[in-house]
Every structure is written in structure tokens, then in C-alpha cells.
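Proteins get letters first, then strands, A, B, ... in listed order; numbering begins at 1 in each.
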Amino acid sequence: MDSADQTTVAVYDPTAIETKWRQRWSERGTNVTDISGAARPYYALMMFPYPSAEGLHVGNLFAFTGSDIFARFQRMQGLDVFEPLGYDAFGIHSENYALKVGVHPAEMIPRNIANFRRQLERGGLMVDWSRSLSTTDPAYYRWTQWVFLQLYKQGLAYKKEAAVNWCPSCKTVLANEQVIAGECERCGSKVEQRFLSQWFFGISRYAERLLDNLDSLDWSETTKTAQRNWIGKSEGAELWFDDIKVFTTRADTIYGATYVVLAPEHPLVDQYTTNDQRAAINAYRDRAASSDLVTRKTSKEKTGVATGGSVTNPATGERIPVWVSDYVLMEYGTGAIMAVPAHDERDLEFAHGFELPVKKVVHEDETLIDSGEFTGMTVHDAKRAIVDMLVAKGKGAAVTNFRLHDWCISRQRYWGPPIPIVYCDTCGVVPVPEDQLPVLLPFIEDFKPDDSGVSPLARHDEWYRVPCPTCAEMARRETDVSDTFLDSAWYFLRYPSVGADVAPFDPAITRKWLPVDSYIGGNEHAVLHLLYSRFVTMVLHDAGFLDFDEPFIKFRAHGLIIREGAKMSKSKGNVVNPDDYIDTWGADAFRTYLMFLGPFEEGGDFRDKGISGVKRFLDRLWASVRDADATGDVDIEVQRKLSATIKKVSEDVPRLSYNTAIAAMMEYMNVLRRGERTPRRAEVEPLVQLVAPFAPYLAEELWEQLGHGHGASVFDSRWPEFDPALLVEDEIELVVQVNGKVRGKIRIARDAGQDDAYTRAMEEPGVARFVTSKPKKVVFVPGRLLSVVI
RNA sequence: GCUCGGAUGGCGAAAUGGGUAGACGCGAGGGACUUAAAAUCCCUUUCGGUAAAACCGAAUGCGGGUUCGAGUCCCGCUCCGAGCACCA
């Protein structure tokens, strides 16, 4: 009551400050990018979230904050940064949740988005909300359908029969995500396969290019490796055993090929089946066709039947038997292999099971044995020589295969963009003309999949019966919707052009802003999302819509957040809810703590108590500005530390080494306020700027308190520079080792030579004591250490 | 099985063109201020020989090696995590 100074001692109140600045930023348009006027455009992208009903996950905020810090840093370097964010709201995930809680996704999603938006805004992201988007908005998915049509025009969208996961109990098609260990995630029934006619994108035609381009991308090496493995290039050969063409990468082992195996679906099975084996073969094929995908994929035991037929080994001229087994996959290579049990584990297992001969043809030293004219050759040379020989005989060809399969985009579901195709009895398959897009997804109550195996949309005559766009006769719409991955395969092209006159992307704007300069996201999308985005970009480039063919110049994957050493999960009830922490500690402390708990690219362990240390740091920053002395003399040691800190933070932030950047700022704070020292204004001001990307609200408030008001955002200030001269000390500490052990440290002139250092070191009793005889050797690393060997 | 990560104090973690292991923070202990508490500030905190200081020794999952010197490089393992999974 009588404490007079209470009126002048302002207290750091995160809630008040954060509310104030959220409002100011919105009024001033601080985070709105001048898309057409920007002189130095920089596109900082983060993976847009699926707006779940549970609200924003701390993992989302961790990823976004990491991206946001880098973006804010770039802005303070003077770049015109564009940081957009939208919602990936279509798909099986929403639909299943909607089914579970009995709310229509069309009602649920807008609610979820509103909640996400609220939470994201609290998080203090520099997002330009004027250019947001949701994949469920007809104004967006109209162009997703347009993308489909471009692929169709290029001959890259086609229909074929393909297996889907079928739950016999729920009588519905399941997405791969719904199949857990071969069972339906809802009822636990064994999942079967059914064949449906579905739409595919010909991504495999781009395999070579998708692989080659990786070399020139600035991406995390782990992500590139994952893509390379997924694309799975293997160079080998097709070799002809009479009519059967087998694919192999080990042509050098052909002398050890003791039998041939066909996939059950292989078209030549009948031709090689003898009468007495026909019944057994047919039974085996029926079983293979009806057996569910999973048994086939997980069971290790090899099954099979002999056809009774045989073929000629083109290298040896021997007759070898032809078998049928489902361990050979029709969808890879030629659906036929030459089995070399001595040099292939699977073949060996099969040979053991059926007592087939095993013939070793490669010696331990990687040279051939028992291989006719090729005996003695290295594996490497023999591969080529044998293929060359068979090619010359007209019995083979060098062939490259890829694991990458075409992309099935059909979903027999409701919650997605309808595939813009009409089937007409007269005209056949007719793409919906571009000017008739979007094909709106109708609001239907019964969106639950049923046992028909087709999309719920197929139950609505009023929707799917339409006049043919070409002949106007009554025709039928395609009732499948497209894969969510298609929605997200082009969204980054859309953001800068949201609100522009030309859609889906304005050419001038796109030239200016794309490709994306920096993309940060989860490694769970290392393969599919990133690969599909690259593919769609290549196709649009080839069709003349884009002048670049790689969408993301730089990509970094962030790590995962765990809590108290354990994975977060709803069932464990240990999920961090950002709202709770922001209420208690403020968004700035929460953000900074998330970045402090481990290396951004590795993730970290969220420990509830840890956040107090970061909050204390921000409190001290607040107090430093409050107490700052505008006139006092600067301390040279503090100035040195400041320069070192600016250097460290400036180097760490671009490497996303946020935890060490924060540690450096804390170290500086310890020097700044050591003891009862009053910090000088000039010592505090640059620190406010360094902290700004991490704790944007607080920094903005302190920037204003330091007298930079009048609408000048700290984010429009220029990043502080350090004085290199202050980093160089005249006298340094030199470590002295004797026989590899540290025996002393001496202070010595920075440019002192070995002799000076040695003389000086011997004056140290702690060192001299161990130098009991004339040194055998002395190693001197200027500025670092002196190592004496006795 | 294959591929890619990882293993450092009581805890989260720093430090890799080989050069003081443990920065920074949490926790813990002690002190100052306070009637008291909170807050704040200061000090200590890898382990062992000792209670402390000085000093000495050991120590970065395990076993070897290279080197004046290894958390870092090489060889051989163990364990944990993630992804792919009969791709010939």
C-alpha cells in the first residue's frame, strides 16, 4: 500500500502483452506479405495440418514454430517473407471421425478449422492469414480437379483393375491406414482383397527423373535416402528361358539357376502346366487369388506347385523345371524369376521345402566357379559378360526396373473431391470440361460406406446421373473421390495466388514466389507427400504451366516430441495441450521452450518442469529492459560476449540449431546481469532482436518500450551485426598436455609461438612436475594447445 | 531380414576439417534478502580416492585399433527408435 515504487515497476504479463500484440499485428497487417510488390521474395512453407477435432497437437506447434523462427529470422535479414498456412481437411481421417461421433464432416470441419485458427493465432506465428486455404473449399478443390484433368490430358491418368482392402464383416473398402496387422481396425476381421476398376496416375514414368533430380536438392539426407529406396531402381536384365522372360539383377549366377518360378497370375502358367499337374495348379492359383493380402505378405513359409513343364536355361542348355509360387510377385519385374538357391535366401528356402537342387556358382572371393567360359570372372564383370552373350544370342536384354508403382488415386469414399469424369454410353469416358468445374461434392446424410464396394455417392442418382458434356445424352458421373495426397500435392502452388485474378496460379506471381525457398515438415511425409508433390510439379512443368520442375529447393524434417521419455498418446492421457501451457506460461515461453528441449531436427523430451527455466530467462529479459541504463559506460567484456552471441545465434538459426542459439542467449543474459549489475541499453537492445524470432510478442513489446514505437515492428528492424574485432582476444588460454593428459592451462599472447608457449608452460609447477625427462616430442597447435610427449 | 537414425551426469542435452568432455537448462544442496513464505540474486553439483580444499585416478553403450591426443576416425559387437518389408 505504501510501496511507492510499485507504480513504476511494470510486471511481465504474457497474456496481456500477447493479446495486445495479436490485435496490433492484425490492425497493422504486420504479417501480411505484399505479394506483388515484394522486392526480395522468400517463401517459407510449413506442412499444413489436418484440423482434427481434438485441436492443435503440440507436435504441430513444434513444427510450425520451428518454421516460423526461421521465417522471422529471414525477414529480419531484409527479405520479404511469405509464411502461409492452410488446412488439409479432406480425407479418410475426418470421415472416420465423423462416422464415429455421428457428426457430418461438412459441419465438423469448419468448427475444427475455427478452433485451429484460434490456437494457431495464439501461438504467435507470422502467418499471412489473408492467403489461407482449405482443401475442402470448392474454390480450392475445383483446381484439384483441374490438376486431375491436366494429368488426364497428358495421358498420365488411366483406369485399371486393382486390389482394394475389403472387410467382409463391415462390408466396406478400407484404406491402408485402417488395416492394422492384416485386420480391420474397427472389427478385427481379416481383411481380404477385392478387385475394382480404379484411377491411377502414371508416376512410374517419372521414376528416373524423380531419382536423378534428388542429387541437386538441398534436402535432409535421410529424406533423400527414403525417396531413393522408395523409387527402388535396380539395374539388371531380362533373360529368356524359352518363352518365359525372367528379371534378374544377378545374371552372373545363371549357371546356378536350377528352376524357374512364375507368379500365380502369370499368363504362361497354363502353357507350362502338364495334365497331371493341372488340378493342383488350379487349386493353388485359386487359393492364392482368394487368400488375403496379409497372409501372403507376412507368412514366411514358401508354398508352391510344380507345373510339370520345363524350360531351357539359355546359358547352360539344361532343362530345368517350372514352378508356381506366390513368393514371386506379378507386379514386379516380369512376374517370373530364375531361382538360384545357392545365392538367394528365398530361393534357398523354397528349394529346401521342395527338395530342389542347389548349385553353387560364386566363390567366397566373388569370382565365378562352375560357370563354363565365365568361370574365374568376377561377379561384376560376369554380370555384363553374361548379359552381353545372351543379348547376342537373342535371349536377353539389359533392363532397369523400379519398385515405384503407379499412384492409385481412387477412393470409394465420400469425403474428398469427386473425380471429374463422366461415363457416357455413346462417348465413353468423358472428362468434365474445365469451365464446368468444380464438380461439387453434394451434401448427403448417408455418407457411410456400404457393402456395394462403391462410393456412397453412387447411391445418389440425383447426383451421379448427368448429361454427357459431349453429346448431352444421360450419362453417369465417376463416383470415386480422389486421394487426399492429391489435395496436398499442389497446395503450395496455390497460396501466393489466393485472391489473384488468375487461377489456379497466377503466372507472374508464381514466377516470383516459386519454387518454395524453404519447406519444413515431418519425416512421416518424407516419401509419399513429397514425392507426389514433385511428380505433380514435373507434370505441370512439362505441360507448360510452370517454369520449374522441383517444388521445394530446401527441405528439412523436424523431429518428434515425446513427453517424460514416453510417446504421447490419447490412451496414455499424456498429450500436451498447447492451450493449457500458453495459459500458464504464455506463448513466448512455450515456443521458446519447445525449441530449447532438443535439436529441432531430432525432436525432444517435453518435461513439464523444464519450461520454468525458459520463463525465467524471458523474465530477466523483461527486467533488463525495465532497468536498462541509457547512459552508463559499456563494459568491454559484455561487448565481447554480445558480439560472440550475435555471431552464434546468427549461425545457429539458419541451421535450425535453435536449442544452442537459446543457450547462447541465456549465457549472454548471465553475463549481462551478473551480480547486481545494471545492464546498459545498448547491451539489451540487440538481445531483444535476437530473441524476437523465438518470443515474438515479448520482443515486440520490449522493442516498443525501448522507444521504437510508432508502428515500427521489431520484425522490420535489421538483424544486429557483430564486431569481428571484439571476437579476437589478445591473450588466450592455452591447454598444456603431458602424455595426452591435461596438466595445466596458461594465459598467453594469441600469436605466441611454440618456444614461448613451452617456456611459459614449464613455469607452471603442475606441468613441470610431469616433465621428468627431455620431451621426445612436442606438438603445438597455435591458439589451442601444447602437447608434450615424454 | 533390409535401410536410416541414435546411445554422453540424477534428467533434457552441449561439444565432431580429432585438440580443456558435460555449455545452457531442469532437479538437488547451500547462502543472501524476508517476521515468514513466494519471487529474486549468489555459490556448489560426472563418479571415486576423502567430510572439505589441494591433488590424483576413472569416465561419452561394449571389445579392439590408429594417434602425441578419440565422444568424434577404423574394425567387430550389444541395445533402443523409425521406416520398408518375399522387389529377384
**Message:** What is the distance, to the nearest angstrom, from the CD atom on A:E667 to the P atom on B:A14?
**Reply:**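 These atoms are roughly 14 Å apart.
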**Prompt:** Expressed in angstrom and rounded to an integer, what is the separation of A:I611 atom CD1 from B:G27 atom C1'?
**Reply:**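 So the CD1-C1' distance, A:I611 to B:G27, works out to 16 Å.
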**Pairs involving residues 765-777 of chain A, ordered by first then second residue, that meet side chain to side chain donor-acceptor pair (under 3.5 Å) (sequence neighbours left out)** =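 Residue pairs with at least one partner in residues 765-777 of chain A: there are none.
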**Asked** Do any pairs count as a side chain to side chain donor-acceptor pair (under 3.5 Å) and have a residue in residues 247-259 of chain A, sequence neighbours left out, and if so which ones?
**Response**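 Non-adjacent pairs meeting side chain to side chain donor-acceptor pair (under 3.5 Å): A:R250-A:D252.
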**Spatial distance of atom CG (A:L530) from atom CE (A:M47) [nearest 0.5 Å]** =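 Going from the CG atom of A:L530 to the CE atom of A:M47 covers 4.5 Å.
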What's the closest nucleotide to the side chain of [X] if the choices are [options]?
X      : options             : value
A:T660 : B:C26, B:A88, B:A14 : B:A14
A:Q737 : B:G12, B:U20, B:A88 : B:U20
A:K302 : B:C86, B:C24, B:U20 : B:C86

Taking atom [atom1] in both [N] and [M], what distance in whole Å separates the two?
N     : M     : atom1 : answer
B:U72 : B:U66 : P     : 15 Å
B:G29 : B:G83 : C1'   : 45 Å
B:G31 : B:A23 : C1'   : 25 Å
B:G65 : B:G12 : C1'   : 34 Å
B:C73 : B:G17 : P     : 10 Å
B:A88 : B:A82 : C1'   : 26 Å
B:G48 : B:C41 : C1'   : 33 Å
B:U46 : B:U40 : P     : 24 Å

**Asked** Between the side chains of A:T678 and A:D629, does any donor sit under 3.5 Å from an acceptor?
**Response**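 Distance-only check fails for A:T678 and A:D629.
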**Request:** Ignoring hydrogens and angles, answer whether the base of B:C68 and the side-chain atoms of A:K776 contain a donor-acceptor pair closer than 3.5 Å.
**Result:**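 A donor-acceptor contact between them is absent.
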Distances for protein N or O near nucleotides 2-10 of chain B N or O, under 3.5 Å:
residue : atom : partner : partner atom : Å
B:U3    : O2'  : A:N229  : ND2          : 3.1

**Prompt:** Can you name the one residue among A:F617, A:W585, A:W622 that meets ring-ring contact (aromatic ring centres under 6.0 Å, His included) with A:Y12?
**Reply:**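 Option passing the ring-ring contact (aromatic ring centres under 6.0 Å, His included) with A:Y12: A:W622.
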Just the table, please: protein N/O against nucleotides 80-82 of chain B N/O, every pair under 3.5 Å.
residue : atom : partner : partner atom : Å
B:A82   : OP1  : A:K567  : NZ           : 2.8

**Request:** Over 60° means perpendicular and under 30° means parallel, so classify the ring planes of A:H529 and A:H525, tilted if in between.
**Result:**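 It falls in the perpendicular class, over 60°.
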**Proximity of A:F350 and A:Y327 rings by center, below 6.0 Å** =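 Yes; A:Y327 has its ring centre under 6.0 Å from that of A:F350.
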**Prompt:** Do the two ring centres, one from A:Y532 and one from A:W407, sit under 6.0 Å apart?
**Reply:**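 For A:Y532 and A:W407, the ring centres are under 6.0 Å apart.
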**RNA chain B contacts made by residues 779-790 of chain A, counting heavy atoms under 4.0 Å** =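 Those residues whose heavy atoms fall under 4.0 Å from RNA chain B, taken from residues 779-790 of chain A in numerical order, are A:V779, A:V781, A:R784, A:L785, A:S787, A:V789.
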**Message:** Tell me which residues in residues 741-756 of chain A lie within less than 4.0 Å of RNA chain B, going by non-hydrogen atoms.
**Reply:**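 Correct list: A:K741, A:V742, A:R743, A:K745.
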**Message:** Syn or anti for B:G9, given that syn means the glycosidic angle lies within 90° of 0?
**Reply:**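 Because its glycosidic torsion lies within 90° of 0, B:G9 adopts the syn conformation.
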Of all residues at least two apart in sequence or in a different chain, which pass the ring-ring contact (aromatic ring centres under 6.0 Å, His included) check with [X]?
X      : result
A:W230 : none
A:F606 : A:Y581, A:Y593
A:Y284 : none

**Request:** List in chain and number order the residues that pass side chain to side chain contact (heavy atoms under 4.5 Å, CB included) with A:N229, two or more places apart in sequence or in another chain; answer none if no residue qualifies.
**Result:**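 For A:N229 the side chain to side chain contact (heavy atoms under 4.5 Å, CB included) partners, ignoring immediate neighbours, are A:T225.
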**Fill in**
RNA chain B in dot-bracket form (Watson-Crick or G-U pairs under 3.5 Å, [ ] crossing, | inter-strand) is (((((((..(((......[....)))((((((.......))))))((((.....))))..(((((..]....))))))))))))....
**Request:** Would you list the pairs meeting salt bridge (charged side-chain N to carboxylate O under 4.0 Å, His left out) in which at least one residue belongs to residues 654-664 of chain A, sequence neighbours left out?
**Result:**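 Every pair satisfying salt bridge (charged side-chain N to carboxylate O under 4.0 Å, His left out) with a residue in residues 654-664 of chain A: A:D652-A:R655.
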**Prompt:** Does the pair A:K745 and A:E764 meet the rule for a salt bridge (charged side-chain N to carboxylate O under 4.0 Å, His left out), with working shown?
**Reply:** CA-CA 9 Å; A:K745 295 160 193 178; A:E764 292 288 317; over 6 Å; no
**Request:** Using a 4.0 Å heavy-atom cut-off across all strands, classify A:N659 as base, sugar-phosphate, or nothing.
**Result:**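 Answer is sugar-phosphate: A:N659 comes under 4.0 Å of backbone atoms only.
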